[in-house]
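Throughout, a chain's letter reflects where its sequence line sits, starting with A, and its residues are numbered from 1. Side chains included, hydrogens not; waters and symmetry mates left out as well; all remaining heavy atoms used.
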Amino acid sequence: MSTKIQAIRGMNDILPEKTIFWRVVERKLSDILIGYGYQELRLPLLEKTALFQRVIGEVTDIVEKEMYTFDDRNGESLSLRPEGTAGCVRAMIEHGLLRNTIQKIWYNGAMFRYEKPQKERYRQFHQIGVEVYGLSTADIDAEILLMTARFWQVLGLKDLELQINSLGSSVARATYREKLVEYFSNNLEQLDEDSHRRLHSNPLRILDSKNPDLKTLIENAPQLLDYLDDESKQHFEQLQMFLNDAGLKYTINPRLVRGLDYYNKTVFEWVTTKLGSQGTVCAGGRYDGLVEQLGGSNTPAIGFALGLERLIALLEAEQLFQNTKENQPHIYLMMVGNEALIKGLSLAEQLRNEFPQLKLITHCGGGNFKNQFKKADKSGAKWALILGETELANQQIGFKNLREEQPQQSFSRSDLITHLKSLL
RNA sequence: GUGAAUGUAGCUCAGUCGGUAGAGCUCUGGAUUGUGAUUCCAGCGGUCGUGGGUUCGAGCCCCAUCGUUCACCCCA
């Protein structure tokens, strides 16, 4: 309805029935990250537009047409972050955290891209980002991949596929890019409209085209792996050796190129076929030149981003949230009558003191027994505590199991606490 | 940015040839005056996305617009 104010297109409310999944996933992933020695960084949502222009590349779609950009009151151009690496590198340099040291960093938060919304692609979306600075050897590339594999294992996901590739040094990549442009330019008449455009913006992307008409042309194109410099070749071989040794399965996808300009050497994606055309759940790679490009000292780096919406959608598709009891209350406290309300609220606080982990809902708003039992049942609580006139007169508290057929019991306050201790 | 589908109750949907709107679920109450989840009965709930047009008459036909969905592009 046009008179109602609606959320901005592509920006979703995450409702209570879903936030529980988010909390579970975020907690499991952050536990793993902390277990590998990563430290959390919290970054602003807004940065100067120039930062993204320099980091992501002037001619990429992200910078050209997908950023939420506006002028600050002092006339400076600001943008909502379309990805996390730029702000992370900026912050690391700004606070001098990259001087002669290794840093392992993670962050979690919203990113913004002005794209047409689609299945699991939104204008505000959430990523967990991971970045490592100061390590140039392939062992860290391998460890990062092993850690992501652990993510899926802990969450119960089985059918994500790991694809890896090497883009080589920036020099090798540039040489290859020239060869590729030359090759496609000689076959211009075979290219479709999209690929014509990509010839100037990101020719490596043509290799990834979904257009079947281009299949032969792409198969005969120069291969990136043939242009790798020796150092990158060796790095890539070492990475494979580490992965083989650790038993992590992967496929080498020579057409795997990343959209952002800053990558070199190792790039990778974890992909699924279960989310329609948005199959990439987690992706990243090495970006050894970026820190220096932004004014820091020469610092090798590698990182990745994980799309939380996609990950959670995949977990839902695989029905892996079935037995989440995270939110199930232990107790629903029913109170009928004014006197019961007064006694009940103090009882509830006493129980909370006694059992800090207790999930207890007190019935507020009055109502008869039938009404309160209905709400107790709907709350999902395991047990109902019942306080009415009879109980008050006898100084007792009714106790009823709402999930199993058992006779209703009656306890004094101290007996109730003893009983709960045996149950919780 | 390109293309297609779609919009009726809080949710999922029906609505015939154009004749002023229906079901299930949810919610509330009752059957049962202190016992939920089952059953039965009743009730609440609508500017048919919005604005225009055609028509004696539009949920239905036409135009525009907004939203949603899926795909392309791009990407997590």
Side-chain angles (χ1 to χ4, degrees), chain A residues 1-12 15 17 56 59-67 82-85 108-130 148 192-198 201-202 205-206 208-211 257-260 268-272 275-284 303-314 332 334-337 340 363 367-381 383-384 386-393 398-405 407-408:
Chain A
M1 253 167 266
S2 63
T3 49
K4 281 186 189 163
I5 295 181
Q6 295 176 307
I8 297 166
R9 177 173 216 193
M11 306 212 178
N12 298 314
L15 301 179
E17 58 177 11
I56 299 169
V59 294
T60 57
D61 275 17
I62 291 181
V63 164
E64 270 189 339
K65 47 187 196 191
E66 293 179 0
M67 286 210 295
E83 56 102 55
T85 301
N108 176 13
M111 307 293 162
F112 303 85
R113 287 182 203 170
Y114 191 90
E115 300 180 274
K116 203 157 176 179
Q118 209 172 304
K119 187 177 176 63
E120 304 317 328
R121 193 187 73 182
Y122 306 109
R123 289 184 173 181
Q124 175 175 337
F125 59 103
H126 299 81
Q127 291 184 336
I128 286 182
V130 174
T148 52
D192 58 10
E193 196 185 329
D194 283 331
S195 297
H196 263 120
R197 189 169 39 73
R198 281 186 283 224
S201 59
N202 193 347
R205 271 262 154 216
I206 300 175
D208 229 358
S209 173
K210 291 176 185 171
N211 187 345
V257 295
R258 309 284 311 123
L260 310 177
F268 67 90
E269 288 190 8
W270 285 94
V271 296
T272 175
L275 292 179
S277 63
Q278 259 60 48
T280 304
V281 174
C282 173
F304 67 86
L306 184 163
L308 282 172
E309 277 84 359
R310 291 180 187 178
L311 179 61
I312 286 166
L314 187 58
Y332 192 95
M334 297 172 24
M335 298 168 283
V336 181
H363 179 92
N368 57 25
F369 277 92
K370 182 192 179 79
N371 177 296
Q372 296 200 23
F373 262 108
K374 273 193 175 179
K375 296 205 164 103
D377 183 52
K378 244 191 83 180
S379 77
W383 306 297
I386 303 151
L387 266 187
E389 281 178 25
T390 315
E391 287 78 12
L392 285 179
F399 180 94
K400 181 171 182 173
N401 191 322
L402 294 171
R403 305 299 149 203
E404 289 168 36
E405 206 60 54
Q408 186 169 321

- Select base, sugar-phosphate, or nothing to describe what A/Leu311 touches, counting heavy atoms under 4.0 Å on all strands. nothing
- A/Leu306 near the nucleic acid: base, sugar-phosphate alone, or nothing, with a heavy-atom cut-off under 4.0 Å? nothing
- Item | Side-chain donor/acceptor contact of A/Gln6 with base of B/G49 under 3.5 Å | no
- Query: With distance as the sole criterion, do the side chain of A/Lys400 and the base of B/U35 form a donor-acceptor contact below 3.5 Å?
  - Reply: yes
- Message: Can you tell whether the side chains of A/Arg113 and A/Glu83 come within less than 4.0 Å, N to carboxylate O?
- Response: no
- Which whole number of Å gives the distance between the P atom of B/A31 and that of B/U35? 11 Å
- Nearest-angstrom distance, C1' atom, B/C63 to B/C70: 25 Å
- Task: For A/Tyr114, report the nucleic acid contact type (base, sugar-phosphate, nothing); a contact means any heavy atom under 4.0 Å.
- Result: nothing
- Query: With centres under 5.5 Å and planes under 30°, do A/Phe369 and B/U35 count as stacked?
  - Reply: no
- Record whether the side chain of A/Gln118 comes under 3.5 Å of the base of B/U69 through a donor-acceptor pair of N or O atoms. no
- Task: Could you check whether A/Arg198 gets within reach of a base, just the sugar-phosphate, or nothing at all, counting any heavy atom under 4.0 Å?
- Result: sugar-phosphate
- Query: With distance as the sole criterion, do the side chain of A/Lys116 and the base of B/U2 form a donor-acceptor contact below 3.5 Å?
  - Reply: yes
- Between A/Lys374 and A/Asp377, does at least one N-O distance fall below 4.0 Å, as a salt bridge requires? no
- Taking the same atom, P, in B/A5 and in B/G10, what whole-Å distance lies between them? 28 Å
- Quick one: classify the glycosidic conformation of B/U35 as syn or anti, with syn meaning within 90° of 0. anti
- Message: Quick check for you: to the nearest 0.5 Å, what is the distance between A/Phe112 atom CZ and A/Arg123 atom CZ?
- Response: 12.5 Å
- Message: Would you compute the distance between atom CZ of A/Arg198 and atom OG of A/Ser209 and round it to the nearest 0.5 angstrom?
- Response: 5.0 Å
